[in-house]
Amino acid sequence: MNLLSNLSYSNWRGIHIALVIVLSLILLFAGSSIKLMVSDTIVDVFYIPFYTLRAYVEEVSNVNDRNQNLAAELAETALELSFHREFARENERLRQILDFEHPTGYRLLQAKVISITGSGVPISAVINCGLDDSVMVNMPVINRFGLVGRVESAMLDNAEVQLLTDPRNRVAVRVASSREMGIVRHLPSEGMLLTAFPNQGKVAVGDTVVSSGLGGIYPPGVQVGIVSGIIRPENQPDAIVHLQPVVNFRSIEQLFVLIPEDKQ
Amino acid sequence: MRVVPFLIYLILIVFHQVIFRDLSSIYNVSFNLAGFFILCIALYKDEFVVLWFGFAAGIVVSAGDPQQMGWFSLMFAFIGFIAFHVRGRLNLESMSAKLGLIAGGIFLCNIGEIIINGSDNFIFQTVYTALPSTIYTSVVAWLFFLFKEKRITTEKFKSLF
């Protein structure tokens with residue numbers, strides 16, 4: 001103890017410097033096992049907690065990135081799925097069209113609706129076929145459910161179709177079961193009506209009404225509507241027959257222009 | 001001598017090496033925190049402290065590469081020792097004197113690291129790594145001394161806005 005306490009500052013200084021140099025040299029020239037032991041100890045004590053923290057932060061960051069990528073992929077896939085569903089619907093529609101029996105004496109010209117007009121219920125539609133496709137004024141237009149209307153005007157590559165829902169349009173029809181005749185027209189306030197139908201005429205709710213072919217525009221036998229209500233006012237010559245159109249005019253998309261075979 | 005603050009400095013050095021260095025580096029130029037701590041200790045503490053802290057910091061910094069552990073501990077202890085003795089010849093009231101000491105010390109540290117790591121292109125490494133790192137560290141040291149000497153306080157800072 002005396003020896004230690006007698007050491008002056010300069011001696012202590014020398015000892016410290018010598019110790020640091022010696023320890024550094026030991027670390028320099030010691031065997032790998034000693035170096036590894038020191039290194040492992042330092043890494044375990046100082047580095048591992050921070051590496052763990054860093055790995056955790058990176059993982060959270062990666063999860064966030066992955067989450068954003070997945071969200072983008074999900075949006076893309078949802079869009080793709082919606083396209084596929086639309087294709088499936090179109091496929092189904094076209095399959096049904098293949099089974100569709102059209103009136104004899106006519107050729108079917110497939111047309112797509114490119115715009116419709118009318119407030120509430122559409123009253124006219126523009127199709128993507130025109131004079132170039134042999135479409136002419138007054139040619140009947142149908143879809144797979146029944147009568148849609150007639151061509152009102154035709155341009156080179158498109159045509160305007162007057163729908164049955166246009167109040168100006170009239171169709172000569174028959175009740176399919178009784179063959180009694182009348183005229184179908186559409187009034188915005190009352191919907192589709194069978195007019196000029198005798199009060200005592202044979203008709204019942206659920207009967208099908210088809211075009212009669214009279215008038216020279218529409219071919220006979222094309223479905224127009226289903227009887228949904230009958231009012232027979234007393235002392236009136238005509239009954240008021242309400243029809244449910246077979247065509248949903250709000251969803252028309254794929255139409256056919258009936259081109260007489262003699263006009264090809 | 002209390003050991004805890006120096007342990008905290010060592011932990012901060014590791015934290016900087018593992019997590020903060022990548023975040024704080026500018027164009028691959030990073031701040032030399034170990035060198036900065038050693039030189040600050042040389043400025044404010046006594047000779048034995050800086051000697052041993054330099055030695056410990058050298059071991060901690062090079063723990064990932066055991067072959068270089070001795071070189072780093074020797075270099076850091078030596079730079080701390082030199083800085084402590086240069087300090088005696090400086091007017092410590094002067095900011096530029098302290099910054100000069102820090103910049104010189106950091107530059108020596110960076111050069112030493114390049115030599116120890118055995119880089120192929122010494123001149124390139126000196127110009128594109130050691131020098132920018134010295135400037136970066138000196139700028140941070142300047143801000144540190146401004147705060148430490150209360151030339152910038154939070155009140156003064158707030159009064160700017």
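Chain naming here is simple, since letters A, B, ... match the order of the sequence lines and numbering starts at 1 in each. On a predicted model such as this, the values are computed, not experimentally measured, just so you know. Side-chain atoms are counted along with the backbone in the values below, which use heavy atoms only and exclude waters and symmetry mates.
In terms of heavy-atom pairs under 4.5 angstrom with chain A, the leader among P66(B), A77(B), S62(B) is P66(B). Between chain B and the residues V20(A), I17(A), D40(A), the most heavy-atom pairs under 4.5 angstrom are made by V20(A).
Residue contact with chain B, scored on non-hydrogen atoms closer than 4.5 Å, is absent for I34(A). Using a 4.5 Å cut-off between heavy atoms, F55(B) contacts chain A through its side chain alone, with no backbone atom that close. With a 4.5 angstrom heavy-atom cutoff, Q68(B) does not touch chain A via any of its atoms. Interface remark: F72(B) contributes no atoms to any contact with chain A (heavy atom separation under 4.5 Å). The contact between L23(A) and chain B is made by backbone and side chain atoms together, counting heavy-atom distances below 4.5 Å.
When every heavy atom of D22(B) is checked against every heavy atom of R54(A), the shortest pair comes out as OD2-NH2, 3.0 Å. In terms of heavy atoms, G70(B) sits closest to L27(A) at CA-CB, 3.7 Å. Closest heavy-atom contact between M69(B) and K35(A): CE-O, 4.1 Å.
Side-chain contact check for L19(A) versus W52(B): some heavy-atom pair is nearer than 4.5 Å. Side chains of Y47(A) and Q17(B) form a contact here, defined as non-hydrogen atoms less than 4.5 Å apart.
In this structure, I19(B) CD1 and L53(A) CG are separated by 4.0 Å, a value rounded to the nearest 0.5 Å.
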